[in-house]
Amino acid sequence: MRIAITGTHGTGKTTLAQVLSNRTGLPLITEQARLVAAEMGLMECNQLLRNPRLAKTFQWEILERQIAEQMKYPSGFIADRSALDSIAYWQLYLGNNQDFKSEASRYIFKARLHAWKNLDLLVYVPPVVLAGEDGFRLKDRHIEVDLFIRREVKLLQESGRVQVIVLKSETLDGRLAEIELALEKTKPPKRGLAYVK
């Protein structure tokens with residue numbers, strides 16, 4: 001089962017992904033943004049708001065890493081974030097930048113295609129409980145990012161290609177129970193599907 005957890009920053013996705021990975025025995029794909037940021041020497045996300053070219057390089061690297069990590073586990077994984085999250089952050093950092101308008105179309109197409117073809121279940125965590133700032137996250141941009149993510153979640157739901165659940169619970173145990181119920185209803189994925197590279 002290929003499962004990704006999506007939602008704006010600070011909603012508890014990482015904790016949920018870790019526990020879900022432990023319970024299911026599926027490999028955990030950690031959030032790629034922090035790994036890429038460390039490699040690029042980025043200390044905080046505000047640097048990306050001030051430097052569009054840096055933001056573009058950063059976002060492409062995250063998307064490529066997310067895809068590569070998921071491709072390592074074609075039989076199943078738990079991913080802390082999805083390719084669709086990348087679209088939301090591209091919109092945040094570069095959405096109004098005309099210099100990257102045509103590149104944005106290619107980026108969004110690639111991210112959507114990967115998510116739509118290479119996930120069995122997308123779990124959306126709404127911003128009902130937000131973690132405190134950690135020095136890296138963007139302050140006061142949670143709702144903006146959430147709007148972009150919800151748009152992608154809705155498109156995916158409407159496509160009917162991937163099962164999507166919107167969590168209602170605010171507690172970890174409640175969220176895990178909702179996911180376990182969804183997993184019971186989800187048919188095992190068909191093998192031999194073409195994976196997007």
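- The CH2 atom of Trp116 lies 8.0 Å from the CD atom of Glu152; values are rounded to the nearest 0.5 Å.
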Open item on the list: For a side chain to side chain donor-acceptor pair (under 3.5 Å) check, start with the C-alpha distance between Thr30 and Asp80, then their side-chain angles and the critical distance, and finish with the verdict.
Closed with: CA-CA 5 Å; Thr30 59; Asp80 180 1; over 6 Å; no
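- The side-chain heavy atoms of Leu176 and Arg23, taken from C-beta on, include a pair separated by under 4.5 Å.
- Between Lys13 and Glu31, none of the side-chain N atoms (NZ, or NE/NH1/NH2) sits under 4.0 Å from a carboxylate O, so this pair counts as no salt bridge.
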Just list the side-chain donor-acceptor pairs under 3.5 Å for residues 50-60, sequence neighbours left out, or say none.
unit_1: Asn51; atom_1: OD1; unit_2: Arg53; atom_2: N; d: 3.3
unit_1: Asn51; atom_1: OD1; unit_2: Leu54; atom_2: N; d: 3.1
unit_1: Thr57; atom_1: OG1; unit_2: Arg53; atom_2: O; d: 3.2
unit_1: Gln59; atom_1: NE2; unit_2: Ser86; atom_2: O; d: 3.3
unit_1: Gln59; atom_1: NE2; unit_2: Tyr107; atom_2: OH; d: 3.3
unit_1: Trp60; atom_1: NE1; unit_2: Glu103; atom_2: OE2; d: 2.6

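- One distance of note links CD1 of Ile87 with CG of Leu63; it measures 8.0 Å at 0.5 Å rounding.
- With sequence neighbours left out, Lys72 forms a side chain to side chain donor-acceptor pair (under 3.5 Å) with Glu69.
- Considering only heavy atoms from C-beta on, Ile5 comes within 4.5 Å of Ile78 through its side chain.
- For the pair Thr11 (side chain) and Thr8 (backbone), a donor-acceptor distance under 3.5 Å is present.
- Judged purely by atom type and a 3.5 angstrom limit, Arg81 uses its side chain to pair as donor or acceptor with the backbone of Gly7.
- With salt bridges taken as basic N to acidic carboxylate O contacts below 4.0 Å, none links Glu178 and Lys168.
- In the hydrophobic cluster analysis, where Ile, Leu, Val, Met, Phe, Trp and Tyr join through side-chain heavy atoms closer than 4.5 angstrom, Leu172 is grouped together with Ile3.
- With a 4.5 Å cut-off on side-chain heavy atoms, Phe148 and Tyr89 do not count as touching.
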Task: Worked verdict on Leu94 versus Asp99 for side-chain contact (heavy atoms from CB on, under 4.5 Å) - done: CA-CA 9 Å; Leu94 298 161; Asp99 292 342; over 6 Å; no
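- Atom CG of Leu113 is separated from atom CG of Asn118 by 8.0 Å, given to the nearest 0.5 angstrom.
- Phe77 has its side chain within reach of Leu119: a pair of non-hydrogen atoms, C-beta onward, lies under 4.5 Å apart.
- The heavy-atom pair separating Gly76 from Arg2 by the smallest distance is CA-CG, 3.9 Å.
- Here the OG1 atom belonging to Thr6 is positioned 6.5 Å from the CG atom belonging to Leu84, to the nearest 0.5 angstrom.
- Residue Val166 comes nearest to Tyr124 through the heavy atom pair CG1-CD2, 3.6 Å, listed as atom of the first residue, atom of the second, then distance.
- Met1 has its side chain out of reach of Thr24: every pair of non-hydrogen atoms, C-beta onward, lies at least 4.5 Å apart.
- Applying the side chain to side chain donor-acceptor pair (under 3.5 Å) test to Gln66 and every residue at least two apart in sequence or in another chain returns nothing.
- For the atom pair Leu167 CG and Ile165 CD1, the distance stands at 5.0 Å (nearest 0.5 Å).
- The hydrophobic clustering, which links ILVMFWY residues whose side-chain heavy atoms are closer than 4.5 Å, places Leu49 and Met40 together.
- Taking all atoms of both residues into account, the shortest heavy-atom contact from Ala4 to Ser82 is CB-CB, 3.7 Å.
- A heavy-atom distance below 4.5 Å is found between the side chains of Asn97 and Phe100.
- Counting heavy atoms from C-beta outward, Asp120 and Gln163 have side chains that stay 4.5 Å or more apart.
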- [ ] With side-chain contact (heavy atoms from CB on, under 4.5 Å) as the test, would you mind laying out the steps for Glu61 and Gln32 before giving the verdict?
- [x] CA-CA 9 Å; Glu61 186 61 27; Gln32 298 302 299; over 6 Å; no
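- A salt bridge is defined here as a Lys NZ or Arg NE, NH1 or NH2 lying under 4.0 Å from an Asp or Glu carboxylate O, and Arg175 with Glu180 fails to meet this definition.
- Atom-to-atom distance recorded for Ile29:CD1 and Arg65:CZ is 13.0 Å, nearest 0.5 angstrom.
- The pair Glu64-Lys110 meets the salt-bridge criterion, since a charged nitrogen lies less than 4.0 angstrom from a carboxylate oxygen.
- A heavy-atom distance below 4.5 Å is not found between the side chains of Leu20 and Val123.
- There is no path of hydrophobic side-chain contacts, each under 4.5 Å, that joins Leu35 to Met71.
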- [ ] Determine, stepwise, if the pair Leu181 / Lys185 fulfils side-chain contact (heavy atoms from CB on, under 4.5 Å).
- [x] CA-CA 7 Å; Leu181 183 61; Lys185 295 178 180 179; 4.2 Å; yes
